[in-house]
Amino acid sequence: MTPHPSSYPTVCIANAIDTLRPIIQRAPTASEQARLIKSLFPQQDQAVFWRPLDKLTISEQPIAGFPWLGAFLGASHAQNISPKHPSGNLFRDVVLDSALQAAIVQWSGAERCIQLIVHTTTQDLWPMVQFLRHQLKLTVMLPESCSDQALRDRLDSKSGFRQFASDHGFSVGRARIAKGQSCATRADAAIAIADLLATGRPVIAKPDRGEASVGLNVFQPDASGSILRDTLGANSFFGDEPIVIEEYIQGEELIFPSVEYFVPKKSDQAPYLTYACSMLFSDMMELCGNFVSPEHSHAPWYEPLCNAGLGLAQAMQDTGYVGYFDIDAVALPNGDSIMLDLNPRRTGATHVHEFASATLGAGYQRTHTVGAIDLYGQRPVQFEEVLSKLGSSIRSPLTATEGCIPCELTGLQEGRISLMLWGPTAESVLSLKQTALAALQQLGFPLDGT
């Protein structure tokens, strides 16, 4: 199902990095900031796969390989444009850059009307929309942006999600939030951590507005009070915001599912599940892949977690939320799930779902395993080198039942790449992955894919 089909031209603002900058800017050193930007910046390229494929995409940097990807996807009319002098805020750039404005007006056509989709609805979206409407005289439709910015931002915080979920009965049950609390200060957090550690369970401390697993601290039961205080005190990512303290789930046979929903405007239709996926993490707790598979619907975690997510989606719609969101969780072997986070935006595997829906069909979740993995190499890599090494593994989803496509190519200059993989079974995709990793190992990418 396409969340908001429209006959009007679509403009996409791929502002994924805008979402991440506030937490990245808290990094303790310039080198750490640079490392985080290197690993996360290419997420802007995911917008290539969002439906409709033929759209105008505005990104902070030109999307590397854009014409090649467009041809592979059959998106012959898609365009990509970037600001001449990026300010670090794409919404602000549109207001300041006459070339971006001209491109949007031209794209809007004779009716001067656009459908605007964005990665994340931030407070800077609204002045830009006012500019487009009043200065450029455009009609701007926002099918997935929540006009209640305070609500969206509250849900985007760890403490806000915990409070919302608790208020709606999700502190207990087969899919629940983790045991824990929000603490106003580092001193309060140290006390809360010690209390949880005393029960014999490890504990995780999270920045309230953290993103992409940045700034997490994990403490084992033998941690001393001085270690707690010193570690919390040294973590610059906490800033002056609340620190969320929760039980840390670890053990054998854990699964990390994520479920995404679309919440339409209240008068339109009920919220619905878009996809369920499994997440892959590196040893450093960094997300490095997502896979959607028919097998998920038979997993013991699937029904309880999907039903809980749908309950939260309905509550969010009742409160005024509009747009995408996902819930990241950890599933225990018995199928119980601990909900870890809520992301009120297009999420980590939205592009996987959109790619598969556009190329493999709306029912792909019953017929195909589809996913994306991120790889981090040791040196800058040329696109031609990637094409040469992957060779016949690269296939078009429009003509092949299985294959891979290199993507997020803007990261190649920093030795980072992603692979979109699809096939009729999980086993076929695993085989494709192993073949691709072996080929890319010759360019300095790790064989284990992390």
Side-chain angles (χ1 to χ4, degrees), residues 1-4 12-20 23 39-51 117-122 125 143-146 151-158 160-161 164-165 175 206 209-214 255-264 271-281 285-293 296 305-306 308-310 312-313 316-317 321-331 337 339-358 365 370-374 407-408 418 420:
M1 179 182 294
T2 303
H4 35 79
C12 166
I13 297 188
N15 66 322
I17 195 65
D18 288 358
T19 308
L20 302 165
I23 192 71
S39 65
L40 299 172
F41 189 88
Q43 289 181 13
Q44 66 160 19
D45 294 18
Q46 294 174 3
V48 169
F49 298 106
W50 298 348
R51 292 176 290 172
I117 59 176
V118 304
H119 180 277
T120 303
T121 297
T122 71
L125 167 67
E144 55 183 67
S145 288
C146 179
L151 170 63
R152 197 221 73 90
D153 291 349
R154 185 163 66 251
L155 291 168
D156 201 24
S157 68
K158 306 293 188 289
F161 166 55
F164 189 87
K206 305 176 179 179
R209 296 192 179 275
E211 298 280 354
S213 300
V214 174
I255 303 294
F256 295 91
S258 181
V259 287
E260 185 191 78
Y261 301 83
F262 186 76
V263 181
Y272 56 88
L273 176 74
T274 58
Y275 68 83
C277 75
S278 56
M279 301 181 289
L280 306 178
F281 288 91
M285 297 189 296
E286 294 175 338
L287 181 66
C288 60
N290 296 279
F291 281 86
V292 181
S293 175
H296 292 151
L305 180 58
C306 289
L310 195 59
L312 281 169
M316 290 166 64
Q317 186 182 56
Y321 183 80
V322 174
Y324 288 93
F325 79 93
D326 80 350
I327 296 169
D328 298 336
V330 54
S337 292
M339 296 187 288
L340 305 175
D341 196 14
L342 184 151
N343 299 293
R345 51 175 169 78
R346 286 178 173 258
T347 59
T350 305
H351 68 300
V352 174
H353 171 70
E354 294 278 84
F355 158 80
S357 297
Q365 294 184 62
V370 188
I373 57 171
D374 302 329
C407 54
E408 298 188 38
S418 293
M420 188 77 75

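Position 1 is the first residue of the sequence; numbering continues from there. The shown structure was predicted, so the numbers you read here are calculated from the model rather than taken from an experiment.
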Pick out which of His119, Glu144, His351, His353 makes a side-chain hydrogen bond (donor to acceptor under 3.5 Å, both in side chains) with Arg346. Glu144
Side-chain contact, heavy-atom cut-off 4.5 Å: Gln43 with Leu20? yes
In this structure, CD of Gln365 is separated from OG of Ser357 (nearest 0.5 Å) by 7.0 Å
Less than 4.5 Å apart, any side-chain heavy atom of Pro257 and any of Leu305? yes
Do Leu155 and Phe161 come close enough that some side-chain heavy atom pair is under 4.5 Å? no
OG1 of Thr274 to CD of Glu354, rounded to nearest 0.5 Å, is 8.0 Å
Under 3.5 Å: donor-acceptor pair, side chain of Lys206, backbone of Leu340: yes
What are the two closest heavy atoms between Asp374 and Ser418, and how far apart are they? OD1-OG, 2.5 Å
Determine whether Thr347 and Tyr275 satisfy the following criterion, side chain to side chain contact (heavy atoms under 4.5 Å, CB included), listing intermediate values before the conclusion. CA-CA 11 Å; Thr347 59; Tyr275 68 83; 3.1 Å; yes
Shortest non-hydrogen contact from Ala165 to Leu312? CA-CD2, 4.1 Å
Rounded to the nearest 0.5 Å, how far does CG of Asn290 lie from CD1 of Ile373? 11.5 Å
Scanning both residues in full, the closest heavy-atom pair of Pro143 with Val322 reads O-CG1, 3.6 Å
Atom CZ of Phe256 and atom CG of Asp328: how far apart are they, to the nearest 0.5 Å? 11.0 Å
Between Arg152 and Pro344 (side chain of the first, backbone of the second, donor and acceptor by atom type, cut-off under 3.5 Å), is there such a pair? yes
Hey, what do you get for CE (Met339) to CD1 (Ile327), rounding to the nearest 0.5 Å? 5.5 Å
Can you tell which of Val259, Thr350, Asn343 makes a side chain to side chain contact (heavy atoms under 4.5 Å, CB included) with Asp326? Asn343
Looking at every non-hydrogen atom in both residues, tell me the closest pair between His296 and Ala276 and how far apart they are. ND1-O, 3.4 Å
Between Ser145 and Leu125, is the side chain to side chain contact (heavy atoms under 4.5 Å, CB included) condition met? List the steps. CA-CA 9 Å; Ser145 288; Leu125 167 67; 3.6 Å; yes
Any side-chain donor near an acceptor of the partner, Gln46 and Glu408, under 3.5 Å: yes
Taking all non-hydrogen atoms of both residues, which atom of Gln317 and which atom of Pro264 are closest, and how far apart? NE2-O, 3.0 Å
Exam field: side chain Tyr324 to backbone Thr120, donor-acceptor pair closer than 3.5 Å: no
Check the pair Phe355, Cys407 against side chain to side chain contact (heavy atoms under 4.5 Å, CB included), reporting the backbone distance first and the verdict last. CA-CA 12 Å; Phe355 158 80; Cys407 54; over 6 Å; no
Of all the heavy-atom pairs spanning Ile23 and Gly210, show the shortest one and how long it is. CD1-CA, 4.0 Å
Classify the ring geometry between Phe262 and Tyr272 as parallel (under 30°), tilted (30 to 60°) or perpendicular (over 60°). tilted
Find the distance between CZ (Arg345) and OG1 (Thr121) and round it off to the nearest 0.5 Å. 11.5 Å
Would you say the side chain of Tyr261 lies within less than 4.5 Å of the side chain of Met316, judging by non-hydrogen atoms? no
